[in-house]
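Inspection log for the structure reproduced underneath, given as structure tokens.
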Amino acid sequence: MSWLKRTHSIVGLTVGGFVLIWAWGLGKVPLFDWDEVNFAECTREMRLTGEYIVPQIGFLPFWEKPPLFFWVQSLTMSLAGENAWGARLPNILIGAITLLVLFVQGRQWHSPAFGFFWMFFYGVSLLPAFYARSGLIDPLFNLFMFLATLQGARYLEDRSAWAALGMGVWAGLATLTKGPVGLLLPALAVGTLGFLSRKPGRLLKLAGVAALPYVALVGGWVFLLWKKGSSKLLADFWAYQWRLFSTPDAGHAGPVYYHFLVLLLGMFPASVWALGGGYRWNLPFPARALLLLTVWTVLIFSVVRTKILHYSSLAYYGVAYLAAWVWMHRRKTLSWPWAVIGGVLLLVGVATVAAGWLMTQSAVWAPRLEDAFVRAALLETPLRWSGFEGWPGFILLIGAGLLGLLPLTPTLRLIGLGILLLVWQTAVLAVFAPRVEAYSQGPLRAFCEQAAQAGAIVWPLGFKSYVPFFYGRMRPEASPREMGNVGRFEQALLQSRFAYPVLFVSRVDRYEPYLRAHALQVIARQGGYVLLGLSGGVPGQACGRCSFAP
């Protein structure tokens, strides 16, 4: 592989190429409910109030997440604005750092070529490429846990005190990003490795040293919470963690094999090569810790009752590592992965082409849908489909054909596959993501933006949404903070106890009980949403130019 000799240039160009592709059109699609909008709103309220210790939603304490990611997002919003670009920029940067970390570790454990392919498989696989374009917490959370695990494994191998301190620092940062799982998963992986390697004594010393920076970081934040009189936030946080573990929270249920399917499909094409087998346990010591981290991640979140796509995202590193290992050791003897990849590309290409045409026929099949909200969104949202929106599928099919027919070396074929997938992903997101947003929340978002300009309070009735918070630019003096909780705030709005104009948005399948129970009138309806105002006309006059028009 002589083409890999100029390692630094190739890696730099590759990472730069990933960043450019991920960043293309990043701010064109609005943030999606719930998580992207939720986290961006936490950051917006943090910036607005100057409260950087206690995260807030609706200007009330938000006990679901610690503050570190919001600090990072606050920095990018100060550069790019309180918008989709500013909210998603952290994961572009984190994605670039992750690729470099994978390359460096792969080079240290095996060779520069291994590091390159580990980085490459991770970057071109579907879900890592998707999350790099998102405003979600998990890419940063996963990176911290990965680094904590590597430092713990390094201590077991060479007793470096700096490695033990490093594990505590990274685990502490992970905990401040999303919670105690940031310590649990690295501890399980390193602990299992210590027992399997017959080094239990070192585990005790590791725990003692790593605890120092961990307690300093996490304990420092807890102390600040206590000093602010917000220590109850911790009790609420633990109750929330237990609810996620013991119940399918917010309807996010799934079978026990849910995350196995997520990794098999979402880590394509790395998952196909990772199944090539032939692994050996005599891998470098940190690599064993990584594989144990992957196993524990899948096991833990298969047991957890709440099943959400990104819960198993920490396992992406391990799957990409196995793919790189199989590629480096067995690519010349394995042919079936190429056959599987070709079949998947054919199916996905045809499905992409068909999706554009299928949407032109929505007037035929959408009326048969049972879900009234989805039915109304598809039939009443003013979107036109030409039938040619599936053109990214043609790119995929043509590219797959060329990769199969041209006399390429395996390495060039793999690189061509990665480029093809990145182009297809980018094109699909550019074509379909704005339309998905228009159907799912477009009318709601457009109205909230206009209501914000008119100085009105806008509030969701009968469904949960953070869109009115972020795109409605909620203000502290007109927020749930004024009434102490969300329920009392909603009742105060319905009783017209605020001096501000008040408008409500509900769904087509949920608004009628509110009409019967309160003095509300229908102002407008579009897609799956209904705009409501208090009877008497004052709110409508104060926001007379507000509509659902995008």
Side-chain angles (χ1 to χ4, degrees), residues 32 34-35 118 121-134 136-139 141-142 145-146 178 181 185 188-189 244-277 279 290-327 334 336-352 354-355 374 393 396 400 417-418 421-422 424-425 428-429 432-433 436 440:
F32 280 90
W34 290 340
D35 286 354
W118 186 7
F121 271 116
Y122 179 87
V124 303
S125 293
L126 300 180
L127 285 178
F130 169 77
Y131 283 117
R133 296 174 165 102
S134 76
L136 302 177
I137 292 176
D138 298 85
F141 184 50
N142 295 336
M145 288 190 288
F146 177 52
K178 204 173 180 182
V181 172
L185 287 174
L188 286 172
L244 290 178
F245 177 82
S246 59
T247 65
D249 191 61
H252 293 294
V256 70
Y257 53 83
Y258 174 87
H259 288 293
F260 291 94
L261 287 179
V262 167
L263 293 175
L264 181 64
L265 301 176
M267 280 301 292
F268 177 86
S271 57
V272 178
W273 284 100
L275 293 174
Y279 319 122
L290 168 64
L291 297 183
L292 289 170
L293 180 66
T294 303
V295 171
W296 276 114
T297 298
V298 177
L299 288 178
I300 291 292
F301 289 111
S302 294
V303 173
V304 170
R305 296 288 301 280
T306 301
K307 298 291 192 295
I308 298 178
L309 191 70
H310 48 258
Y311 276 12
S312 57
S313 56
L314 180 58
Y316 299 168
Y317 300 131
V319 174
Y321 175 86
L322 292 176
W325 195 95
V326 173
W327 176 261
L334 289 178
W336 66 262
W338 286 116
V340 172
I341 289 170
V344 171
L345 294 180
L346 176 62
L347 291 174
V348 173
V350 171
T352 306
V374 175
L396 193 65
L417 171 65
L421 286 174
L422 288 174
W424 171 79
Q425 292 168 24
V428 165
L429 289 174
F432 288 97
V436 171
S440 63

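Numbering of residues begins at 1 and proceeds along the displayed sequence.
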[X] side, atom [atom1]; [Y] side, atom [atom2] - distance, nearest 0.5 Å:
X	Y	atom1	atom2	answer
Ser313	Met145	OG	CE	7.0 Å
Leu293	Phe146	CG	CZ	8.5 Å
Phe268	Trp273	CZ	CH2	11.5 Å
Leu127	Tyr122	CG	OH	10.0 Å
Leu309	Leu261	CG	CG	11.5 Å
Ile300	Leu188	CD1	CG	5.5 Å

Taking all non-hydrogen atoms of both residues into account, name the closest pair between [X] and [Y] and its distance.
X	Y	result
Gly318	Thr294	CA-OG1, 3.3 Å
Arg133	Leu422	NH2-O, 4.3 Å
Ala320	Ala270	CA-CB, 4.3 Å
Gly123	Ala129	O-CB, 3.7 Å
Ile308	Tyr258	C-OH, 3.8 Å
Ala315	Thr297	N-CG2, 4.1 Å

Query raised in the report: Out of Thr352, Leu346, Val350, which residue meets the side-chain contact (heavy atoms from CB on, under 4.5 Å) rule with Val348?
Result: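 Among the candidates, only Thr352 passes.
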
4.5 Å side-chain heavy-atom contact, [X] and [Y]:
X	Y	answer
Ile341	Leu345	yes
Ser134	Phe32	no
Trp336	Leu275	yes

**Report entry** Test side-chain contact (heavy atoms from CB on, under 4.5 Å) applied to Val124 and Leu417, step by step
**Finding:** CA-CA 9 Å; Val124 303; Leu417 171 65; over 6 Å; no

Query raised in the report: Heavy-atom count around Phe432 CZ within 6.0 Å, excluding the residue itself: above 12?
Result: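 Counting other residues, nucleotides and ligands, CZ of Phe432 exceeds 12 neighbours.
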
Query raised in the report: Can any side-chain N or O of Trp118 pair as donor or acceptor with the backbone N or O of Tyr317 at less than 3.5 Å?
Result: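 Side chain of Trp118 to backbone of Tyr317: a pair is present.
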
Report task. Apply the test side-chain contact (heavy atoms from CB on, under 4.5 Å) to residues Val262 and His310: give CA-CA distance (whole Å), side-chain angles for both, the deciding distance (0.1 Å), then the verdict. Result -> CA-CA 9 Å; Val262 167; His310 48 258; over 6 Å; no

Query raised in the report: Would you call the rings of Trp338 and Trp327 parallel, tilted or perpendicular, where under 30° means parallel and over 60° means perpendicular?
Result: perpendicular

Query raised in the report: Between Tyr316 and Met267, does a side-chain contact (heavy atoms from CB on, under 4.5 Å) hold up when you go through it step by step?
Result: CA-CA 7 Å; Tyr316 299 168; Met267 280 301 292; 3.6 Å; yes

Query raised in the report: How far apart are the C-alpha atoms of Val304 and Phe301, what are their side-chain angles, what is the distance that settles it, and do they pass the side-chain contact (heavy atoms from CB on, under 4.5 Å) test?
Result: CA-CA 5 Å; Val304 170; Phe301 289 111; 4.1 Å; yes

